[in-house]
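This report concerns only the one structure given below.
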Amino acid sequence: VQGWFKFGGVEFFKINLSQSLGKEKAWENRIPIYLGAAAMAEFIADIFLCPLEATRIRLVSNPEYASGLIAAFPKIIKDDGVIK
């Protein structure tokens with residue numbers, strides 16, 4: 001999941017940042033564009049990864065909590081809520 005958002009996010013932000021600057025400015029600022037696009041994509045990918053990672057850790061610490069990620073995710077939302 002994180003990889004999908006990282007790869008897609010880097011391409012999305014890179015293209016949009018380049019287009020907003022224009023060809024010449026984008027070429028002059030290509031390294032900051034790549035770094036900024038990667039940072040923004042990583043930030044968004046981490047937001048999507050967090051709930052899955054929390055669910056995985058709950059299952060590792062208590063294997064009897066649920067049978068797998070799909071069963072544990074709604075159970076955690078029911079027990080703890082969306083924002084704790």
Side-chain angles (χ1 to χ4, degrees):
V1 170
Q2 188 183 26
W4 297 339
F5 284 102
K6 269 192 211 179
F7 178 74
V10 167
E11 294 302 312
F12 173 80
F13 290 119
K14 185 173 64 174
I15 289 167
N16 286 305
L17 288 170
S18 297
Q19 287 176 347
S20 69
L21 291 175
K23 284 187 179 185
E24 191 171 319
K25 277 283 199 192
W27 179 254
E28 293 170 2
N29 295 300
R30 63 189 178 277
I31 293 175
I33 288 172
Y34 292 149
L35 294 175
M40 289 185 274
E42 180 69 31
F43 177 75
I44 291 175
D46 287 345
I47 289 171
F48 283 96
L49 179 68
C50 253
L52 295 172
E53 191 65 19
T55 306
R56 186 189 69 79
I57 290 170
R58 177 75 60 101
L59 289 172
V60 168
S61 65
N62 183 6
E64 296 174 2
Y65 185 75
S67 60
L69 279 175
I70 294 173
F73 196 66
K75 191 172 180 182
I76 288 176
I77 291 173
K78 182 179 152 215
D79 293 346
D80 297 337
V82 176
I83 299 174
K84 187 174 180 182

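Side chains are part of it too, since the values below use all heavy atoms of this structure and drop only hydrogens, waters and symmetry mates.
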Working to the nearest 0.5 angstrom, can you tell me the gap between [X] [atom1] and [Y] [atom2]?
{"X": "I15", "Y": "I33", "atom1": "CD1", "atom2": "CD1", "value": "11.5 Å"}
{"X": "E64", "Y": "L59", "atom1": "CD", "atom2": "CG", "value": "12.0 Å"}
{"X": "L21", "Y": "R30", "atom1": "CG", "atom2": "CZ", "value": "13.5 Å"}
{"X": "F48", "Y": "F43", "atom1": "CZ", "atom2": "CZ", "value": "11.0 Å"}
{"X": "I47", "Y": "E42", "atom1": "CD1", "atom2": "CD", "value": "10.5 Å"}
{"X": "E24", "Y": "N29", "atom1": "CD", "atom2": "CG", "value": "10.5 Å"}

Other residues, nucleotides, ligands: >12 heavy atoms within 6.0 Å of [X] [atom1]:
{"X": "I57", "atom1": "CD1", "answer": "yes"}
{"X": "I70", "atom1": "CD1", "answer": "no"}
{"X": "K25", "atom1": "NZ", "answer": "no"}

For [X] and [Y], work out which heavy atoms get closest and say how close.
{"X": "Y65", "Y": "K75", "answer": "O-NZ, 2.7 Å"}
{"X": "A37", "Y": "L17", "answer": "N-CD1, 4.3 Å"}
{"X": "G9", "Y": "A41", "answer": "C-CB, 3.6 Å"}
{"X": "L52", "Y": "L69", "answer": "O-CD2, 4.1 Å"}

For residues [X] and [Y], determine if any side-chain heavy atom of one lies less than 4.5 Å from a side-chain heavy atom of the other.
{"X": "R58", "Y": "D80", "answer": "yes"}
{"X": "I77", "Y": "F73", "answer": "yes"}
{"X": "F12", "Y": "I44", "answer": "no"}

*asked:* Quick one: does any side-chain atom of K6 pair with a main-chain N or O of A45 as donor and acceptor, under 3.5 Å?
replied: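 No, the answer is negative, given that no donor and acceptor are paired below the 3.5 Å cut-off.
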
